[in-house]
Every structure is written in structure tokens, then in C-alpha cells.
Colleague: 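Mind having a look at this structure? Questions to follow.
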Amino acid sequence: MSIASKANALWEYANPKKFLTTTERVLPFFWISSAVFIVVGLVWGFFFTPDDYKQGSTVKIIYLHVPSALMAINCWIMMLATSLVWLVRRHHVSALAARAAAPVGIVMTLIALATGAIWGQPMWGTWWAWDPRLTSFLILFLFYLGYVALWEAIEDPDTAADLTSVLCLVGSVFAFLSRYAVNFWNQGLHQGASVMRVGAVTGTDTEEKVSNIFFFPLLVCIIGFVLLFIALVFYRTGTEIRARRIKALIARERVNG
Amino acid sequence: MTLTVTNLAITRGGVPVLEGINFALEPGKALILRGPNGIGKTTLLRTLAGLQPPLAGVIDGAEDTVAYAGHSDGLKPTLTVVENLRFWASVFGAADIQSALDAYGLNELADRQAGNLSAGQKRRLGLSRLLVTGRPIWMLDEPTVSLDRNAVAMFADAVRGHLGQGGSALIATHIDLGLDGEVLDVGPYKAKPKPIDDFDGGFL
Amino acid sequence: MTLTVTNLAITRGGVPVLEGINFALEPGKALILRGPNGIGKTTLLRTLAGLQPPLAGVIDGAEDTVAYAGHSDGLKPTLTVVENLRFWASVFGAADIQSALDAYGLNELADRQAGNLSAGQKRRLGLSRLLVTGRPIWMLDEPTVSLDRNAVAMFADAVRGHLGQGGSALIATHIDLGLDGEVLDVGPYKAKPKPIDDFDGGFL
Amino acid sequence: MPDLGKYADTVLSAYAASLFLLVALVVLSILRGRKVRAEMEKVEKRMSRNG
Amino acid sequence: MIALLKRDLTLAFRAGGGFGLGLAFFLIVTVLVPFSVGPQSSLLSTIAPGVLWLGALLACLLSLDRLLALDWEDGSLDLLATAPLPLESVVTIKALAHWITTGLPLVLAAPVLGVLLNLPVPGFFWLVVSLALGTPALSVIGTFGAALTVGLKRGGLLLSLLVLPLYVPTLIFGAEVARRGATGMETATPLLMLAGITAATIALLPFASAAVLRVNLR
Amino acid sequence: MIALLKRDLTLAFRAGGGFGLGLAFFLIVTVLVPFSVGPQSSLLSTIAPGVLWLGALLACLLSLDRLLALDWEDGSLDLLATAPLPLESVVTIKALAHWITTGLPLVLAAPVLGVLLNLPVPGFFWLVVSLALGTPALSVIGTFGAALTVGLKRGGLLLSLLVLPLYVPTLIFGAEVARRGATGMETATPLLMLAGITAATIALLPFASAAVLRVNLR
Ligand code: HEM
Ligand SMILES: Nc1ncnc2c1ncn2[C@@H]1O[C@H](COP(=O)(O)OP(=O)(O)OP(=O)(O)O)[C@@H](O)[C@H]1O
Ligand SMILES: Nc1ncnc2c1ncn2[C@@H]1O[C@H](COP(=O)(O)OP(=O)(O)OP(=O)(O)O)[C@@H](O)[C@H]1O
Ligand SMILES: [Mg+2]
Ligand SMILES: [Mg+2]
């Protein structure tokens, strides 16, 4: 198969019917594997990892906090990509996928904020601080809210898809700018770095080396969250496709009558 | 400037309303659109004016040649009659508004604020805007709403004058305007439903 | 309920527009108001409906008996046809909206949002509201704007039914509705300017 | 059950809040999915009956 | 009357999540404060009660311009004025619907936003109490302002200009209650004043609003 | 194009003193701050630059919902879209008119209000500079929001929700310039960023606004 025809084969899935049948087939796999990974990761992390000498048992929160924070950002990136696809190729499924993903993103953002806030209470002595990472998450939350509110407010589905896609695009640029601005405005309390330096973060390893004890269950949780996200988005996109079809069918019935 | 419409299909709110429309509107001619309430006359005019994309078909000759007048007049209540008209004149690059004022008997209202006009007076002002656009194709959606007999006659005169200068007009109306022109009843073009197992087309 | 108007003078925006109007509207009768654009028909109807005070004269029998329908319909675009109608029904204490829906052929539009109706469909909904008010005197300002022939006939039927039940109607219009009723041309009642040395009156 | 020490409340409430949100998201998604699917079938049936 | 209330609430719901939006504005104003004054938590916790009250007031204010304007534009107000419903009850219902869709959610959300601004712990209770007591007055006063400006194009800013001075007493006492509560001082006096203002506006202002509205309908 | 600008300015003047109102709102917000946070002058002068920026932003925001809505309601936008004027220039002119009637007066009035809030002396210059540089961005971003929500009933609050997060970077850098200026720190970096944001939004956002408006008109 040539590259071009491969790409065309990919676009096939933008056909609503094909999308529905395909996802129907793969969904059970995603549901089950995501449940397995999340349960294994959380149980491993919760029951079978030691406390951190400095943070005590609170380090266990990391298994929820980091995966949800990652997914909150990735979800927006996915919405940006599907919005672009809609604007360029006008595949209905991709617009509906963006719509279906947004509430998932909101929940992920909320989980990251909630676990962070609960964690912050013992660690920093406050529920909330205007730290750049935290602040930019709050802004991301606002973008999600506005995006969903715009979808809800517009009745014509294609108009809504167009407008929300442009909002997603413009919003991404501004979210990025905000991230920079916030960094400039306040150097905060939150651990920087990447997942690869959990050890440094948890304080077990000031040399900033990987602390495998915490890292492997965390990795399992992250994989679980990714799988769950895919399952949810596939499932919810199917729902949106059907809702869209109901609307069209009813409208058509009206034209007949 | 001949407006040619070939096999046009239009949608409103995502629902196909009319399809298979074909006609040509030649300079000097008027075409009267008729059809029951809700058939899609307004939608057709908006599509032809370029305000919404067609679902299928080709519209030829409508680029930058159309002056559209819809259900609302686009008047600013705090501007006077002359100010309202002069604004549109300068947007369309016309210099003279006097003949437009004359055509609709607006001279004595010239310095009144548009918000203080009666319904029919507003409508007259709205219609006079067409005369300053300099556009050859007029697309009018129920232009004579609220007009008294006298004003309907002014309107008919204005349209005749426009046709006489080689312009053309497409007018959706339910009443008799005293204009002679071909009549297009859009009733027969009502969109037929797609088969329901057409899943992808089912989005439209 | 007879509506009696004696020596009525009315103003619009502080300017007297009509004066010396006298008429009586008896149950079962319709009175058609005619007159050129801007003469003051809308103003007269609003005054009679109690929306603005008269300059002089007496209006008798209009208290809580009038259902008014003006240029705009008072529809909420996000409510469905039925919800819009049911709201007005419950404000006026009426229980039944089905007959109103039937009278204007709105049954198949019942669950559509009012904002998605065409101009004529909206108007039909606006007029159907009159049927749920239970008020004996209807005051209608150009009720048939945007209606097609079929809908104008529905309207005429509704008015006839209302008159048949002892109601009455005062209708300002420029077109022929096919109703028989007395015609009142308000043209002759145009307010004459006051002598300019009448300083106090000059404020009006 | 591991000994969570003085931070038991913190850790448990973080888990409770997160799991609640996750479960709520999944459950609501599935409920709505079921409803919409049923409705679509209803409408399709009705339409194929009425032509 | 119930019909009107029901309709207004339905409309608020339909209009893209009615309830949520006043709230969202409140949230956003609160979030913007640290961006503008800086992130130091001690400074934030000093100004927190005042900022939250100001934010609630602005969220109320922003939703006022459509309180009557939509009904005016589409002719519903004309029709309501000729309906068998005194205008006094119309404006009261409108104010009530506004409070339910705006004031009430603000009261419920205020504690969460308090966290963002480091509101001292004892302040939470008093903030909620003062908002619960004060926001009805904001809605009633706002309805009066909306009735005053209903016929005007671009009434939005004029409305704010007219209403804001009328909001001053409510704001002063409301913020005072929250501030004293946050610093552990006694709150009886301002609380009493706040309650008095609310009771008086609810009892009297609807008459003024109805009178003004009647004039505007001419 | 000039004709449109002239018309919009005339309309703003006629609508009950267009210029004055954004200003008045700014004034009132500033005046309400001491009522809500308390009158200590040291506290006020700390938060003064931030509060003035926030007030300016809210004054801008409050006037956005009518920026395009009036033209949409009365059908002018339909007519403008079919006129020989690209929609890109229409939205640019609209933004410019909005800035002239709202942003510019705020820039001029800010020093006066600075006095009310005990703004430290070196702050005045930087406040004015930052507002002059920042408010055009606010108008342009606001026009984008207005274009997004123009067809929606009760778009007002949704508009705020959409626009406020977009205002964050401008607010942060603007307030930072004013704050640093007031405390005598160097202001070059945030000033440069602010200028960059303004330039970029003016250059790019009108295309997005026009695209979105076109979608809304159909
Ligand atoms: C509401 C408050 C908080 C929010 C919104 C928040 C947000 C985030 C975000 C966005 C990440 C980035 C994930 C990534 O890209 O890798 C993250 C990672 C992390 N957070 Fe938080 N956080 C919060 C509070 C806290 C607190 C209080 C702690 C612990 C003291 C904490 C510990 C961590 C750790 C250890 C990571 C992983 C860092 C890494 O990637 O190496 N967070 N958080
Ligand atoms: N937003 C919308 N969504 C769905 N359907 C709509 C929408 N707007 C209008 N319609 C429907 O589209 C059809 C065409 O409307 P249109 O306004 O073009 O009719 P019209 O021929 O101009 O009627 P009238 O003579 O009453 O003005 C109508 O049946 C109307 O109910
Ligand atoms: N606010 C106002 N200030 C001053 N004059 C006004 C105002 N509003 C309307 N007028 C004038 O009052 C007169 C009466 O207006 P009215 O709307 O009653 O006329 P009408 O008979 O209903 O006309 P139409 O048939 O056009 O609807 C008109 O000449 C109008 O220009
Ligand atoms: Mg029409
Ligand atoms: Mg009239």
C-alpha cells in the first residue's frame, strides 16, 4: 500500500457509519484494558509502594494527579487536531469527536486541580497558590468551559462546529501565551520537570534520578488513563454521531410532513 | 449581467428546503417568487445574495452585483433619514442620494431620526437604499410590507425605472405589486427527503 | 362590551397626530382603520390598548377587555410554538390552546422553536395568541404582514369566528382582508397645528 | 490497608474525589449513550414505517 | 405569575446554560484579580472578602441589561402590560427569576472562589451569609435600573452607570460583614443594616420599577 | 471604510453620550474598590495599578456585547456583508471604533483615577503607557468574541466567558508594567511583550473575526 492510499484509508474512518462499526468492535478492548491498567496501577501504587520520607503517604496522590494532568493537556491537543481536520477537510466525525472530548477534558482538569489542591494543603500549607502550573491549569479549565458553553449555545451543528473550531484554534494560541505570561509573572512552588524525574519531585532522590518504586506504578496508571480517554472519546463520539443523526432525521421528517 | 441558477439546492438550519431550481434572470426583467409560507423564499434569496452557501448547484453572475433587502431594513434609529441613506451611499461609492429621497417621497422626512418614523416610513427609507447601491440585481424579500397603496406605487415605479436602466429584480412577495414580470412558483421545488438508510447523507 | 371613543386626540413623541376621533365599536362588529403611512394608526391602537395616555378625549370600555397585537409578535425564539402559546394562555387564564393551534394550522409546527420559523409562520403563531386571551376586543396592527393567501384566509376565519361569539375587532391594515366591516379612514382627523402664539399649548 | 499515617484523610479524600469524578464521567457517558441510541432506533423505526 | 417565573427560568436554561454563565463571570473576575494585583497570598487574603463581593456585584450587573430588554425588543412587554397581571408583580417576578439564575449560584460558589483568594477560614461562613442576604437586594435594584433604561439602545453601560451608585450601600455593608467575619470581629451591626436594606428594597422598589416601566412603554 | 468609522462614532455619540459611559463605569469600579476592600491608603496604593487595569478591562468588556449585536439585529450586518467592503475591514473598523469610544477615554482618564487610589507617583506614566499599548489588543480580542457570539440571544455573558481567558496575557503584562513602574523596577521586558501581543492580535485576529462572522451570518 502506498503512503497516499494509506492516508486515504485513514480518512475512511471519517465516514460516520464506518466509524461507528469500527469503534463498536474495538471499544470492549479499550474499556477492559483501561480498567485493568488503572486498577493494577492504583492498587500497586496505593498498597505496594512505600511512603516517601518527606511527603509521607501523600505521595500516593501522584498516581491520580499526574495522569489526569497529562490527559487534561493531551485532550486539548487532540481537540485542536480534530478541529483543524474539520476546518480543512470538513469531516463531521472529527468535529463531533472534539465535542465529545471536551467534557472528558473538563473532568481530567478537575481531577488534577482537586488532587493538587488536596495535596497542597499538607505540603504547602495552602489549598491554592498562584503558582504558574496551577494557574495555567485554571486558565485551561476556563477555556474548556467556554468551549463547551459555545457548543451548547449554538443550535445549528455545522455552525457550532465551525465556531468552536476557530475558538479552539485561537484559544490554543492564547493558552500558550498565558502559560508563558504566567511563568513570567510568578515563579511558583510547584515541582517543575517531567515525569522522568519523579524521584526528584518526591524528594527521595535529590540527585534527580528516576525512582523506580514510584515510577512504574505511575507509568501503568498513565497508560490506563490514556486507554480510558480513548475509550471514552470513541464511545462519546458515537453518541454524538447518533444525536446528530436523530436531529437530522427529525428535521427530515418535518420536511416530509 | 444575467443571473443564471443551475440545479440549485439550498438548506436552512441544516435541512434541505428547495432543490433543482433553474432559472435565468436577464437584464431588464423582473422575476416574482411565490410560494406558501415556509417554503424557502427567504432562504433562496439569502443564498443567491451570497449570505449562505448553497448545498448544491451553481449560481452564476451574482458576485458583487446583488443588492439585497431582507425582512429588516438595517436602519439606525438614532441617525436621521439623510444620514442613514448617505452612509449606504458612501459604502457603495455613490454620490447622489437626492434622487433616492425623491423616488420615495422622503424629502419632508429628511431630518427626522429613523427611530421616530412609522412602520411604512421606515420601509420606504429601507427601499430607497437600493437606489444608492448602484447594483444591477435587486433581491427583495417582501418589500412592500407595511406600505400603503401610494407607497406601493412608488415602489413599483422605482422597480420599473431600475429595469428600464437594464437592471433586474428578484422579488419574493405574497401580494400583487402591479409589476409585470415572470412568476416563479417555488412550491414544486420543495426538497424531497433522502432515503433514511443513507446514513452519511443523513447528516444533512 | 361596547368600546366608545369620544373626541379623542393622541400624540406620538410629543407631537399631536390625530384629533377629534369619535366612534363606537359594538360587539360582533369589526372596524377597519385605514390611512396613509405615518398618519397615526399605530399610535391610535396603542392609545386605545392603554399603552399610552390620550392627549384629550374619553375612551370607554377598553379597561381589561383589549387584546393587542402590534408590529412585533412577542415570541421567544428559544421556546417552542406550544410553549410560547401556553405561556400566554396561562397568563390570561385560558386552559385550552388546541383550538388556537388548529385555527392557524400550527399543529405540525407545534414542537419547533419559534426562532426557527419563517416570517409567515411566526406571524401565524403571533396571531394565534389572540385566541387564548379570551378578551372581547381585538386591536390588530397590520396583522397579515408576511402571510400567504391561505393564511390570510385562516386569519379572516378566526376574526369572523370571534365576531360571531360577540367579540369585536379594530384592525389597521393597508390591504384587503376579505372581511366585511365598517371602514374608518383616519386621514381626515389629522391634527391641525396649533396657532404658534399659543405658548402653553405650544409645548404639545 | 496500608498505614497512611497522619495524612490518611488527605490521601483518602484525594482518591475518593478522583474516583468519584471518573466514575461519574463514565456512568453519565454511558447513560446518555444508551438513551441516544434507543432514541435513534425509535426514530429510525418510525420513519421507515411512515416512509 | 408562576407561568411567568417558569418561562423566565426556562429561557435562562435554554440560553446556553443560563445558570452557569453568571457564575462563570464571577469565577473569571476572581481569577483575574491575582493577575492584576500580583500573586502574594497575604495581600490576596486581605482583599479577598472585598474582591469577592465586588465580583458578585459585577456578575449581577452584567446580566441586568437583558433582564427586561429582550422582552421589550420582541414586544412581549407590551403584551404583558395589557395582560391581566399588574406590572408590579411582573417586575417582582423578573427580579426573582434574576436572583434564582444569578444571585443564588453566586452564593453557592463563593466559598470555592474564597479558596482561590486565600480567604481566611472564619470568613467563609460570613461571606456566604452576607451574599445570601445581599444579592436579593442587588437583583431588585437592578430590575429598577433595567426598567429605567429599557427603551434605550445601548442601554447596557447607562444601566451600569445608574445602578452602581444604588449598589453602594449594599456593597458597603455586605463587604463589611464579610471583612469583619474574616478577621473575627463582631458582625451584628452591618448584618442588621444589610438585612434592613434588602427588606426595604424588596418591599418598596417594585412599585418604582413598575411606574418607570409604564412610562417607558408609552 | 471611513464612512463606517464615522457612522459608528456618530452612533456612539448619539447613544446617550457614548464616550462617557465606558469611562463612567471605569470610574465607578475604581470608586467601589475602597468601599469593598476598606480605605487604608497603603493597601490601596499597593493594589492601585492592578485595580486600574482590571477596571479598564471590565469597562471594555461591558461594552463589547453591543459592538456587533446591534448591527446584527437590525439587519445592517447582512447588508454590510453584501456590500463592496471585505468583512475583514468591517471588523477592523468596528474594533477601531470601539477603541476610540472606550479604550482611548480610559487611557486619558486613568491618571485621574490613579489619584483616587493613591497610585505612587512614578506609576502614573507607566500606567498610561501600558494602557495605551494594551487597550487596542482588548478591543481587537473583544471584537473576535463579539463576532463569535453575535447571533446568540443573551450572548452577553457567554461573550465574557469566552473573552476573559483571552484577555489574560494582555492583563498580566499590562498590569505588570504598571506595577513595576509604580515600584520603580525595570519595565522593558513586560512592555515589549505587551507591545508584541498588541501588534500580533491587530495583525492576525481580524481574519479570525471575519471568518467567524461569515459563519454566523449564514
Ligand atoms: C491545584 C493544584 C495543582 C495543580 C493544578 C497541579 C497541576 C499539575 C500539572 C499540570 C502537572 C504536570 C503534569 C506533567 O505535564 O507532567 C503536575 C505534575 C505534578 N504535580 Fe501537580 N498540581 C497541583 C498541586 C500539586 C501539589 C500540591 C503537589 C505536591 C506537593 C504536586 C505534585 C506534582 C508532581 C510530583 C507532579 C509530577 C511532576 C513531573 O511531571 O515530574 N502538584 N501537576
Ligand atoms: N434555523 C432554522 N432551523 C431549521 N429550520 C428553519 C430555520 N429557519 C427556518 N427554518 C425553516 O425553513 C423553511 C424555510 O424558511 P423561509 O424563511 O425561507 O421561508 P419563506 O418562504 O421565506 O416563508 P415566509 O413566506 O413565511 O417568509 C421554513 O419551513 C422554516 O420553518
Ligand atoms: N418617537 C416619535 N417622535 C416623533 N414622531 C414620531 C415618533 N414616532 C412616530 N412618530 C410620527 O408619528 C406619526 C404617526 O406614526 P404611526 O406609527 O402611528 O403611523 P401609522 O399610521 O401606524 O403608519 P404606518 O402605516 O406606516 O404604520 C408618524 O408621522 C411618525 O413619523
Ligand atoms: Mg420569508
Ligand atoms: Mg403603523
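Chain naming here is simple, since letters A, B, ... match the order of the sequence lines and numbering starts at 1 in each. None of these values were measured; they are calculated from a predicted model.
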Colleague: What part of Leu77(E) gets closer than 4.5 Å to chain C, counting heavy atoms only: side chain, backbone, both or neither?
Modeller: neither
Colleague: Heavy-atom pairs under 4.5 Å with chain E: which of Gln113(C), Arg46(C), Gln52(C) has the most?
Modeller: Arg46(C)
Colleague: If we define contacts as heavy-atom pairs under 4.5 Å, which of Pro53(C), Gly50(C), Gly93(C) has the most with chain E?
Modeller: Pro53(C)
Colleague: Taking the side chain as every heavy atom from C-beta outward, state whether Ser72(C) and Glu73(E) have any pair of such atoms under 4.5 Å apart.
Modeller: no
Colleague: Between Arg129(C) and chain E, with a heavy-atom cut-off of 4.5 Å, which part of the residue counts as in contact: side chain, backbone, both or neither?
Modeller: side chain
Colleague: Does any non-hydrogen side-chain atom of Asp74(E) lie less than 4.5 Å from one of Leu75(C)?
Modeller: no
Colleague: Between the main-chain N or O of Trp88(C) and the side-chain N or O of Arg7(E), is there a donor-acceptor pair closer than 3.5 Å?
Modeller: no
Colleague: Please say whether more than 12 non-hydrogen atoms of neighbouring residues, nucleotides or ligands are located less than 6.0 Å from CZ in Phe207(E).
Modeller: no
Colleague: Below 4.5 Å, heavy atoms only, C-beta onward: do Lys76(C) and Asp71(E) meet side chain to side chain?
Modeller: yes
Colleague: Considering non-hydrogen atoms only, spot the tightest contact between Leu51(C) and Asp78(E) and give its length.
Modeller: CD2-O, 3.9 Å
Colleague: Would you say the side chain of Leu4(E) lies within less than 4.5 Å of the side chain of Phe87(C), judging by non-hydrogen atoms?
Modeller: yes
Colleague: Can you tell which part of Val66(C) gets under 4.5 Å to a heavy atom of chain E, answering side chain, backbone, both or neither?
Modeller: backbone
Colleague: For Thr82(E) and Ala49(C), which heavy atoms make the closest approach, and how far apart are they?
Modeller: CG2-O, 3.6 Å
Colleague: What pair of heavy atoms forms the shortest contact from Leu79(E) to Asp73(C), and how long is it?
Modeller: CD1-O, 3.8 Å
Colleague: Given heavy-atom pairs under 4.5 angstrom as the criterion, report whether the side chain, backbone, both or neither of Arg135(C) touches chain E.
Modeller: side chain
Colleague: Would you give the length of the straight line joining atom NZ of Lys6(E) to atom CZ of Arg86(C), rounded to the nearest 0.5 angstrom?
Modeller: 7.5 Å
